Amino acid sequence: MTSGPRVLMVTNESVAGSEAGFRDALDRLVAAAEIGAWAAAEPRAWLQQGEDWPEVVARTAQAARDLGPDIVLVLSPGGCPWRPDDVSTLLAAAGSGADVLYWEGDAWGGRKRANAAMDAWAARARTVFSVAGGSQARRLVRGGAADVRLVLQTYCQVQYREALTWSAEREPGGDRVDVLCIGNSAVRRWWIPPGVPGARQRRRVVTDLQREPLISFGVNGRGWSGPTALGALPYGQQVTAMRRSLVTVNWDHFPTLPSYSSDRLPISMLAGRVHVTTRHPATPWLPGEAEGLVLVERPDDVRPAVRRLVRAPAADLIDLGRRAHAWVLGRCSDVEAMRHMLSSVAEQVAPPPADPWAALPALV
């Protein structure tokens, strides 16, 4: 074992081991002698297996005693009933010298509200790393966070291992279309307000493309109907579906949150297809169309952007997809996110590439 810091990762996995990208990132850091060791505690998975909450807290605290961590990294804790006393129990087991880092990997807003479990950890964290700024960062501060910084949405280099190698070939079989949108519809009836900001705009984007006679279009996800509806798609099959197309499209939920993007952005770029999506405020690090990423301000801008793209030769679109893949590869994986967080407290851990990580804006 090296003398590097020891990391306890308190996961938000509903199934133990499913956070493969962060686990792989920590394994790589051990292999590079940048951290000494790491272990995982899986409180949400243990709850799902039928353990009661006091038993889960005790088991998590025991994991901390066994490792003696220098860093406790907690991932999106809002899915468990953490109370301040529970957090104190865990941190007492970890030891007084442990730095607490909190990764908030979800966007919040509308009916999706931050909760007391998040506050319990925010108040004890040295740094909260949030995927969004604006109202989300301010809410974390109100919950007790002393320092809130941006962390990018990243792709899982394990789950999408096959996409690490770029391919110009369009995947055979399945529902092959030129333009593909992946995303669920949260709009059930026009008179019922959706619980997620941006849901109505996403519906309009898809409807506009469904009505475009010159575009071969399909949409994967729940809640869509009609001949272009291709049905639900498992998360891990997104890249395969995207590689059957030439252009991918998304309209984000939470479209006005500053510094945010859906994880579909890095996944789409990794798939190696030109991607059209929402331009959020305060995202100066993102590339542009020269690297295969087309950012639009309004839902009404999506259809003309897609129409313009599909008029180009297929070879030009494939080349834009190649550039997208080249840009995102090794920049926006879970490895880089882990480096970004751990290097903030551990000088042995090398930071991620300056482009784009050094260009991230301050949140509060």
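These numbers come from a predicted model, not from an experiment.
Rounded to the nearest 0.5 Å, atoms CG (Leu230) and CH2 (Trp224) are 12.0 Å apart. Atom CE of Met341 is separated from atom CG of Leu75 by 7.0 Å, given to the nearest 0.5 angstrom. To the nearest 0.5 Å, atoms CZ (Phe129) and CG (Leu342) are separated by 8.5 Å. Note that the CG atom of Leu90 and the CH2 atom of Trp82 stand 5.0 Å from one another [nearest 0.5 Å]. Between the SG atom in Cys156 and the CD atom in Glu19 there is a gap of 7.0 Å [rounded to 0.5 Å]. Between the CZ atom in Arg149 and the CG atom in Leu360 there is a gap of 11.0 Å [rounded to 0.5 Å].
If you chain together hydrophobic residues whose side chains sit under 4.5 Å apart, Val158 and Val7 never meet in one group. Both Val249 and Leu320 are assigned to one and the same hydrophobic cluster, defined by single-linkage of ILVMFWY side chains at heavy-atom distances under 4.5 Å. Criterion: ILVMFWY side-chain heavy atoms under 4.5 Å apart, direct or through other members. Under it, Met9 and Val335 are not part of a common hydrophobic cluster. Tracing side-chain contacts under 4.5 Å through hydrophobic residues (I, L, V, M, F, W, Y), one reaches Leu152 starting from Leu363; they form part of the same cluster. Side-chain heavy atoms closer than 4.5 Å link hydrophobic residues (I, L, V, M, F, W, Y) into clusters, and following such links, even through other members, never connects Leu265 to Val294.
For the pair Arg138/Leu140, no side-chain contact is recorded, criterion being any heavy-atom separation below 4.5 Å from C-beta on. The shortest side-chain heavy-atom distance between Met338 and Leu29 falls under the 4.5 Å cut-off. Val310 is listed as a side-chain neighbour of Val179, based on a closest heavy-atom distance under 4.5 Å. With contacts defined as side-chain heavy-atom distances shorter than 4.5 Å, the pair Trp46/Trp53 does not qualify. Looking only at side-chain heavy atoms (C-beta outward), Leu8 and Ile71 stay at 4.5 Å or farther from each other. Proximity of Pro266 to Thr154: side-chain heavy atoms (C-beta onward) are nowhere separated by under 4.5 Å. At least one side-chain heavy atom of Pro81 sits less than 4.5 Å from a side-chain heavy atom of Leu47. For the pair Ile318/Leu246, a side-chain contact is recorded, criterion being any heavy-atom separation below 4.5 Å from C-beta on.
The side chain to side chain donor-acceptor pair (under 3.5 Å) contacts involving residues 237-246 comprise Tyr160-Gln238, Gln238-Arg264, where partners must be two or more places apart or lie in separate chains. Applying the ring pair (Phe, Tyr, Trp, His ring centres under 6.0 Å) test to residues at least two apart or on different chains, the pairs with a partner in residues 235-262 are Tyr260-His280. The side chain to side chain donor-acceptor pair (under 3.5 Å) analysis of residues 346-364, with sequence neighbours excluded, yields the pairs Arg331-Asp355.
Heavy atoms of other residues, nucleotides or ligands lying less than 6.0 angstrom from CZ of Arg211 number 12 at most.
Side chain of Asn220 to backbone of Gly231: a donor-acceptor contact under 3.5 angstrom is found. Of the possible polar contacts, one joining the Arg170 side chain to the Val177 backbone as a donor-acceptor pair under 3.5 Å is found. Side chain of Thr248 to main chain of Ser268: no donor-acceptor pair is present (N/O by atom type, distance under 3.5 Å, no hydrogens or angles). Checked by atom type and distance alone, the side chain of His340 pairs as donor or acceptor with a backbone atom of Leu150 at under 3.5 Å. With hydrogens and angles disregarded, a donor-acceptor distance shorter than 3.5 Å links the side chain of Asp52 to the backbone of Glu55. Formation of a donor-acceptor pair under 3.5 Å by the Asp208 side chain with backbone atoms of Arg303 is not found in this model. With hydrogens and angles disregarded, a donor-acceptor distance shorter than 3.5 Å links the side chain of Lys112 to the backbone of Ala107. Side chain of Arg6 to backbone of Leu67: a donor-acceptor contact under 3.5 angstrom is found.
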Test log, rule salt bridge (charged side-chain N to carboxylate O under 4.0 Å, His left out), inputs Arg339 and Glu34: CA-CA 10 Å; Arg339 286 190 173 279; Glu34 294 177 69; 2.7 Å; yes
Full working for side chain to side chain contact (heavy atoms under 4.5 Å, CB included) between Trp38 and Asp27: CA-CA 8 Å; Trp38 73 275; Asp27 283 341; 2.9 Å; yes
Val239/Ile267 under side chain to side chain contact (heavy atoms under 4.5 Å, CB included): CA gap, chis, key distance, verdict: CA-CA 7 Å; Val239 164; Ile267 294 170; 4.0 Å; yes
Worked verdict on Gln210 versus Thr228 for side-chain hydrogen bond (donor to acceptor under 3.5 Å, both in side chains): CA-CA 7 Å; Gln210 287 175 322; Thr228 66; 2.8 Å; yes
Trp108 and Ser135: CA distance, side-chain angles, deciding distance, side chain to side chain contact (heavy atoms under 4.5 Å, CB included) verdict: CA-CA 9 Å; Trp108 297 84; Ser135 59; over 6 Å; no
Criterion side chain to side chain contact (heavy atoms under 4.5 Å, CB included) on Phe217 and Asp178, from CA distance to verdict: CA-CA 6 Å; Phe217 174 71; Asp178 290 340; over 6 Å; no
Arg204 and Asp300: CA distance, side-chain angles, deciding distance, salt bridge (charged side-chain N to carboxylate O under 4.0 Å, His left out) verdict: CA-CA 8 Å; Arg204 186 160 74 249; Asp300 291 345; 3.3 Å; yes
Pair Asp24-Arg28, salt bridge (charged side-chain N to carboxylate O under 4.0 Å, His left out): steps then yes or no: CA-CA 6 Å; Asp24 175 67; Arg28 294 183 190 209; 2.8 Å; yes
Trace of the salt bridge (charged side-chain N to carboxylate O under 4.0 Å, His left out) decision for Arg273 with Glu169: CA-CA 11 Å; Arg273 297 299 183 260; Glu169 298 300 319; over 6 Å; no
Test log, rule side-chain hydrogen bond (donor to acceptor under 3.5 Å, both in side chains), inputs Arg124 and Ser88: CA-CA 9 Å; Arg124 302 296 296 273; Ser88 294; 2.8 Å; yes
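The existence of a salt bridge linking Glu297 and Arg279 is confirmed by a sub-4.0 Å separation between a basic side-chain nitrogen and an acidic carboxylate oxygen. Remark: Glu104 does not engage Arg139 in a salt bridge, criterion side-chain N to carboxylate O under 4.0 Å. A salt bridge does not link Arg83 with Asp119: none of the charged nitrogens is closer than 4.0 Å to a carboxylate oxygen.
The shortest heavy-atom contact between Thr278 and Leu295 is O-CD2, 3.7 Å. Smallest separation of non-hydrogen atoms from Gln157 and Leu164: O-CD1, 3.9 Å. Nearest heavy-atom pair, Asp106 versus Gln136, reported as atom, atom and distance to 0.1 Å: O-NE2, 2.9 Å. Heavy-atom minimum distance, Gln201 versus Gly198: OE1-CA, 3.1 Å. Looking at every heavy atom in both residues, Asn12 comes nearest to Arg44 through O-NH1, 3.0 Å. Listed here is the closest heavy atom pair of Trp285 and Pro361: CZ3-CD, 3.5 Å.
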